[in-house]
Q: 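For reference, the structure I am asking about is given below.
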Amino acid sequence: MLKIAIQKSGRLHDQSLQLLKECGIELNNGNRQLKATAADFPLEAYFLRDDDIPQYVFDKVADVGIVGENVLYETGKEIDIVNKLGFGRCRLSVAVPGSMKYEGIKDLDGLKIATSYSTLLQKFLDDNKVKAEIHEISGSVEIAPGIGLAHAICDLVSSGSTLFTNGLKEVEVILNSEAVLAANKNLLQEERKILDNLLLRINAVKAAKKNKYIMMNAPDYQLKNICALLPGMKSPTIVPLAESGWSSIQSVVNENDFWDVIEKLKGFEAEGILVVPIEKMIS
Ligand code: PRT
Ligand code: ZN
């Protein structure tokens with residue numbers, strides 16, 4: 001059995017459960033219990049506050065946990081990041097009032113900065129040889145300058161709208177963060193095996209999201225050009241069509257190159273291009 005810590009409620013809760021579901025692991029947390037066991041995988045979930053997850057994994061109350069890098073680094077717990085999960089993306093930034101003249105990091109010297117991330121902020125200030133006073137608060141950091149509690153803040157930002165509505169501007173990014181799967185350093189062999197199996201599934205789900213399956217018809221004299229464009233998982237599949245001189249080509253394309261590839265395929269006379277999502281992709 002592998003014990004996993006998941007945020008009880010909040011921004012990472014739904015996506016953590018969704019990821020496990022896509023891995024074929026259903027956790028029934030219908031009544032918001034503290035604990036749930038998967039029916040079809042040796043996994044037991046504990047639902048906790050995100051701030052507590054690194055400690056629980058460090059103490060091996062849970063073997064692994066899903067948590068933001070921001071929380072993990074702030075707590076400084078020695079646990080291993082085993083997979084970056086690609087959701088819960090945000091950045092930890094310093095922001096100052098929009099009206100303040102800001103030319104560089106030295107402008108933070110002598111200021112009072114409100115934050116819930118005092119460890120990460122202190123390290124950032126030390127690394128940059130800036131002397132500022134840190135005022136630790138646990139919530140609603142963005143209102144601190146408006147009520148005269150601090151000159152600046154250091155908080156998580158995703159869309160930037162909270163800063164905007166509070167008349168603040170982002171001036172320094174301390175950390176880029178996303179949700180990660182982190183593990184205790186001393187897993188037993190059996191736990192390690194279950195984790196490896198879980199990681200295989202997570203990577204298959206992530207790879208599938210990043211790629212599309214593509215099918216098209218093209219004249220045979222263009223096959224060489226088209227194959228050079230479409231590496232596929234090994235190489236493209238080519239099947240002759242009933243009409244001589246034509247083939248059907250099937251391959252996998254990375255989402256980032258997708259539109260670029262389509263444009264070039266059109267240039268190589270590809271027709272009837274079909275693009276379908278991939279559910280799982282195991283290399
Ligand atoms: O109850 P519990 O302690 O478990 O939850 P929490 O309230 O401490 O955390 P929660 O659920 O708000 O966030 C969990 C994790 O989501 C964080 O630790 C980050 O890893 C990640 N995350 C991603 C964010 C954001 N984006 C985010 N935008 N966490 C918080 N915010 C807040 C930010 O603090 C600010 O108040 O959203 C506001 C800014 O958002 P924008 O879009 O206006 O820029
Ligand atoms: Zn929290």
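Both ligands and their constituent atoms are indexed starting at 1 by order of listing. If you're wondering where the values come from, they're calculated on a predicted model, not measured in any experiment. Worth knowing before you read on, the calculation uses all heavy atoms, side chains too, and leaves out hydrogens, waters and symmetry mates.
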Q: So which protein heavy atom does atom 32 (C) of ligand 1 come closest to, and at what separation?
A: Arg11 NH2, 3.3 Å

Q: Looking only at protein heavy atoms, identify the closest one to atom 14 (C) of ligand 1 and say how far it is in Å.
A: Asp50 OD2, 3.5 Å

Q: Give a yes-or-no answer on whether the side chains of Lys212 and Asn254 include a donor-acceptor pair shorter than 3.5 Å.
A: no

Q: Within a radius of less than 6.0 Å around NZ of Lys21, do more than 12 heavy atoms belonging to other residues, nucleotides or ligands occur?
A: no

Q: What protein heavy atom sits nearest atom 35 (C) of ligand 1, and how far off is it?
A: Leu156 O, 3.6 Å

Q: Short list, please: which atoms of ligand 1 are under 4.0 Å from a heavy atom of Leu12?
A: 15 (C), 16 (O)

Q: Walk me through it: do Asp155 and Tyr117 pass the test side-chain hydrogen bond (donor to acceptor under 3.5 Å, both in side chains)?
A: CA-CA 7 Å; Asp155 198 12; Tyr117 289 87; 5.9 Å; no

Q: Please check if the side chain of Lys131 supplies one atom and the backbone of Asp126 the other of a donor-acceptor pair under 3.5 Å.
A: no

Q: Looking at side-chain heavy atoms only, is the closest gap between Ile249 and Leu223 below 4.5 Å?
A: yes

Q: Taking atom 26 (N) of ligand 1 as the point of reference, which of Cys90, Ser161, Gly88 owns the nearest heavy atom?
A: Cys90

Q: Output all residues satisfying side chain to side chain contact (heavy atoms under 4.5 Å, CB included) with Thr37, sequence neighbours left out; order by chain, then residue number.
A: Met1, Glu44

Q: Is there a donor-acceptor contact under 3.5 Å from the side chain of Lys106 to the main chain of Lys129?
A: yes

Q: Counting only heavy atoms not in Lys123 (residues, nucleotides, ligands), do more than 12 fall under 6.0 Å from its NZ?
A: no

Q: Tell me the protein heavy atom at minimum distance from atom 43 (O) of ligand 1, and give that distance in Å.
A: Thr162 OG1, 2.6 Å

Q: Treating Glu263 as the side-chain partner and Asp260 as the backbone partner, does any N or O pair qualify as donor plus acceptor under 3.5 Å?
A: no

Q: Could you give me a count of protein N/O/S atoms that are under 2.8 Å from the Zn ion (ligand 2)?
A: 2

Q: Number the atoms of ligand 1 from 1 as they appear, then name those within less than 4.0 Å of a heavy atom of Val71, with their elements.
A: 18 (O)

Q: Heavy-atom contacts with Gly10 under 4.0 Å: which atoms of ligand 1 show up? List them by number with element.
A: 11 (O)

Q: How close does the nearest protein non-hydrogen atom get to atom 5 (O) of ligand 1, and which residue and atom is it?
A: Gln7 NE2, 2.9 Å

Q: Who's the nearest protein heavy-atom neighbour of atom 41 (P) of ligand 1, and how far?
A: Ser159 OG, 3.3 Å

Q: What residue and atom, counting heavy atoms only, is the protein's closest point to atom 28 (N) of ligand 1, and at what distance?
A: Ser158 OG, 2.8 Å

Q: Distance under 4.0 Å to a non-hydrogen atom of Asp155: what atoms of ligand 1 satisfy this?
A: 34 (O), 35 (C), 36 (O)

Q: So is Arg49 polar-close to ligand 1, meaning N/O to N/O under 3.5 Å?
A: yes

Q: List every atom of ligand 1 that sits less than 4.0 Å from any heavy atom of Val157, numbering the atoms from 1 in the order shown and giving each element.
A: 44 (O)

Q: Strictly distance-based, threshold 3.5 Å: is any side-chain N or O of His135 a donor or acceptor partner for the main-chain N or O of Ile113?
A: no

Q: For ligand 1, which atoms sit closer than 4.0 Å to a heavy atom of Gly68?
A: 20 (O)

Q: Which residue owns the protein heavy atom closest to atom 20 (O) of ligand 1, what's the atom, and how far is it?
A: Asn70 OD1, 2.7 Å

